[in-house]
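Indexing begins at 1, ligand by ligand and atom by atom, following the structure's order.
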Amino acid sequence: MTGTPTVYVTRTIPEIGLDRLRERYEVAVWDGKLPPTKEHIVSMLAELDAAGLVCLLSDEIDAEVLDASPDLSVVSTFSVGYDHVHLAAAAERGIAVGHTPGVLAETTADLAWALLLTCARRTVEGHAHVAADEWETWGPRLLTGPDVHDATLGIVGLGEIGTATAKRAAGFEMDVRYSGRSPKPEREAELAEFGLDATYVDRDELLAESDFVSLHVPLVEETEGLIGSAELQRMSEDAILINTSRGEVVDTDALDTALAAGQIGRAGLDVTDPEPLPADHPLFRHAPERLVVTPHIGSASTGTRNRMAEMVAACTEAGIEGEPLPHSAIRDAGME
Ligand code: DGY
């Protein structure tokens with residue numbers, strides 16, 4: 001590589017990140033509204049002889065992409081999730097992979113709660129009711145739903161985002177259960193500081209006993225389809241399922257069947273499979289009475305998106321300079 005290294009960015013991330021990259025590198029940005037195709041990414045990396053790639057969760061970064069530029073030393077994804085990056089292929093090639101943990105847990109937990117409260121208290125239906133000029137009088141049975149306070153919240157996956165979501169249950173005086181591969185005493189201690197006594201239970205127990213089930217697992221082989229028809233059948237008929245993790249963690253057909261059969265009460269989804277979810281998808285027939293969907297906006301606060309942009313820039317710099325990344329996906333996935 002001669003001259004100033006080049007970085008290719010697959011979407012217009014917040015300016016603060018682009019500015020930081022531009023201070024040190026030549027930066028080319030795909031400014032389309034939709035993601036570039038993989039072929040386009042490959043051809044841009046090759047043409048630019050890129051040293052760095054900043055990508056999004058909608059870009060599949062596989063061996064073909066990683067081989068496109070001989071100078072590529074780092075891929076930084078503008079996301080905490082890295083299921084779209086073939087980490088083993090990157091590690092084999094000595095290409096560092098950066099991601100954005102830490103900064104988006106609280107913001108994503110806020111969104112999980114927005115969905116939880118929306119599903120319980122039927123605010124989307126309420127708004128539609130008023131907007132359609134159907135609000136004729138105060139109604140004793142109008143849009144009733146379950147209480148949130150004093151209910152039981154089940155967290156599947158007590159990582160950073162699961163813990164941030166659980167923490168918020170303190171204000172609602174809820175019982176908190178969690179499931180996962182093993183108990184997490186350090187997370188329990190964190191929650192105890194908020195007066196919460198989070199109990200580790202097995203997943204079946206959690207599903208059977210929770211009024212609200214919120215999913216916070218990464219997408220890996222063993223979590224794909226984690227919530228399928230058997231799991232949905234274990235939930236109570238009033239229970240509300242919240243997913244802000246990855247769409248593929250829930251079996252969409254099974255959820256469609258469960259909602260149609262009244263096996264669970266409602267679902268609030270920020271992530272779907274497929275994603276985007278077309279408005280004519282069969283699942284959508286349950287909206288808004290039994291289903292509320294948002295377009296994968298868990299981390300979409302202005303402050304958090306700015307911090308994510310700075311983090312991908314910092315990871316890209318470190319990778320190009322040959323320094324350890326501040327946030328390495330390869331390390332965080334236990335592959336180092
Ligand atoms: C992530 O970062 O993985 C979220 O899904 C989007 O911010």
- Do we see a donor-acceptor contact under 3.5 Å between the side chains of H281 and D256? no

- Pairs meeting criterion ring-ring contact (aromatic ring centres under 6.0 Å, His included) with involvement of residues 47-100, two or more places apart: Y82-H99

- Task: Before accepting this row, confirm whether a basic side-chain N of the pair R246/D273 lies closer than 4.0 Å to the acidic partner's carboxylate O.
- Result: no

- Message: Would E125 and R290 count as a salt bridge (charged side-chain N to carboxylate O under 4.0 Å, His left out) here? Give the steps.
- Response: CA-CA 10 Å; E125 284 172 85; R290 286 178 167 272; over 6 Å; no

- Query: Quick one: are the ring centres of F172 and W113 less than 6.0 Å apart?
  - Reply: yes

Where does ligand 1 get N/O contacts under 3.5 Å from the protein, atom by atom?
residue	atom	partner	partner atom	Å
ligand 1	2 (O)	V80	N	2.6
ligand 1	3 (O)	V80	N	3.4
ligand 1	3 (O)	G81	N	2.9
ligand 1	3 (O)	R246	NH2	2.7
ligand 1	5 (O)	R246	NH1	2.7
ligand 1	5 (O)	H296	NE2	2.7
ligand 1	7 (O)	S299	OG	2.6

- Item | Electrostatic pair R20-E15, nearest N-O below 4.0 angstrom | no

